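Comments concern the structure below.
Since we're looking at a predicted model, the values are computed, not measured.
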Amino acid sequence: MIELEGVPELIDPVMICAFEGWNDAGDAASTAVGHLDREWKGEVFAALDAEDYYDFQVNRPTVALEGGIRKVTWPTTRLSVVRASGGDKPRDLVLVRGIEPSMRWRSFCNEILGYAHELGVEMVVVLGALLGDTPHTRPVPVSGVTSDPDLARTLDLEESRYEGPTGIVGILQEACTHAGVPAVSLWAAVPHYVSQPPNPKATLALLNRLEDLIGVRIPLGELTEDARAWQLGVDQLAAEDSEVAEYVQSLEEARDTAELPEASGEAIAREFERYLRRRDGQPGPGGHATDGGGLGDGRDAGAGGPGTYLRDSSASGSGGSTGATGSTRPRRPSARDEADAGSDAGSDGGSDVGSESVDGPEDGGEGGRERPDEQE
């Protein structure tokens with residue numbers, strides 16, 4: 001039995017989750033949840049026991065001095081609650097932010113779902129980011145995926161078709177499905193040749209898509225300017241290397257070719273409606289537009305009991321980690337990269353993650369680009 005102290009009755013709560021590691025390319029997803037927590041001054045009300053889920057040789061604790069006293073911080077997953085007041089009416093968000101667990105994934109998901117059940121969460125949204133063949137100069141593709149056919153139709157999402165290795169994002173979404181909790185995953189595609197965190201442009205795209213999904217206006221703070229500065233910095237680094245510049249151009253051509261079929265009357269009308277919403281500050285079909293989508297953010301427009309997920313005794317895998325932080329020169333494209341980009345440009349389908357209307361995002365992994373099942 002989960003006991004919650006100091007948590008008031010919540011208004012139409014939605015749980016927003018992100019986990020550092022395998023499914024967090026460029027730290028875009030975990031940074032998005034951190035942004036929500038910071039902007040709305042979240043209050044932590046629970047933390048999972050690190051001993052149960054983490055290998056401390058993989059995710060080591062840290063030591064810091066506070067007022068001359070040494071303090072150890074253990075890697076874990078924390079839950080906080082914020083009240084979002086930017087929509088037609090206030091709405092509470094339960095933020096789940098942590099590191100992909102090293103073990104006991106089924107128990108981990110059951111514990112998260114236990115909190116969701118006790119708090120009356122109406123929907124779970126899991127954020128992720130993956131590496132893909134997408135140019136940094138174009139809007140960040142964001143895919144919304146669910147395993148629930150009814151939810152897919154209602155919210156205009158993709159149904160998951162992924163098969164293959166998965167991370168905690170996919171496992172948690174599947175656990176939600178088994179427990180009867182509506183669940184959606186949002187995936188941003190990060191250019192694989194500039195995968196080092198942070199990636200504020202991808203974070204901005206995730207927040208904009210989340211805003212449409214849950215119907216609240218999200219304060220962006222300095223994120224829009226950070227995204228502009230990030231793109232300018234990558235532009236400058238790419239310009240210094242002719243091979244990288246040529247590779248980026250090939251990705252742009254592949255992306256533009258893939259999106260030509262989308263230039264239909266319906267698509268143009270949809271984009272014009274978004275423009276009007278941004279200008280007038282009016283709510284869209286699922287939420288509110290923000291004022292600063294200037295970088296091309298790639299937006300589109302009853303909880304059950306927690307249940308127990310997957311009682312079988314098979315061992316669960318553990319995820320890897322993302323790259324080191326810092327701004328570094330984009331990676332030189334390999335011969336395989338160039339061949340892939342060339343084949344993409346010559347096909348009608350274009351890049352795997354070149355547009356938002358993909359069958360399901362690819363798995364960011366540790367630099368891998370297989371499709372993740374994360375999409376549910």
*Would you mind telling me which of Val142, Val14, Val125, Leu93 makes a side-chain contact (heavy atoms from CB on, under 4.5 Å) with Leu210?*
Val125
*Of all heavy-atom pairs between Arg104 and Asp52, which one has the smallest distance, and what is that distance?*
NH1-O, 2.7 Å
*In a check of side-chain contact (heavy atoms from CB on, under 4.5 Å) between His35 and each of Leu204, Leu206, Leu207, which one passes?*
Leu207
*asked:* What verdict does the side chain to side chain donor-acceptor pair (under 3.5 Å) test give for Asn199 and His136, after you've listed the backbone C-alpha separation in whole Å, the side-chain angles of each residue and the deciding distance to 0.1 Å?
replied: CA-CA 10 Å; Asn199 189 319; His136 72 279; over 6 Å; no
*Donor-acceptor pair, Asp37 side chain versus Val33 backbone, under 3.5 Å?*
no
*asked:* Same cluster or not: Val63 versus Tyr54, using hydrophobic residues (I, L, V, M, F, W, Y) connected whenever any side-chain heavy atoms lie under 4.5 Å apart?
replied: yes
*Spell out, as yes or no, whether a donor-acceptor pair under 3.5 Å connects the side chain of Glu211 to the backbone of Ile218.*
yes
*Is it the case that one hydrophobic cluster holds both Val72 and Tyr53, taking links as side-chain heavy atoms less than 4.5 Å apart, direct or via other members?*
yes
*Run the ring-centre check on Phe56 versus Trp74 and record whether the distance is less than 6.0 Å.*
yes
*Is the distance between the ring centroids of His192 and Tyr247 under 6.0 Å?*
yes
*Would Arg153 and Asp150 pass as an ion pair if we require N to O under 4.0 Å?*
yes
*asked:* Less than 4.0 angstrom from a charged side-chain N to a carboxylate O is my criterion; do Arg255 and Asp133 meet it?
replied: no
*Glu100 side-chain N/O to Ile168 backbone N/O, donor-acceptor pair under 3.5 Å*: yes
_Arg91/Asp12 salt bridge by N-O under 4.0 Å criterion_ = no
*For Thr76 and Ala47, indicate whether the former's side chain and the latter's backbone hold a donor-acceptor pair under 3.5 Å.*
no
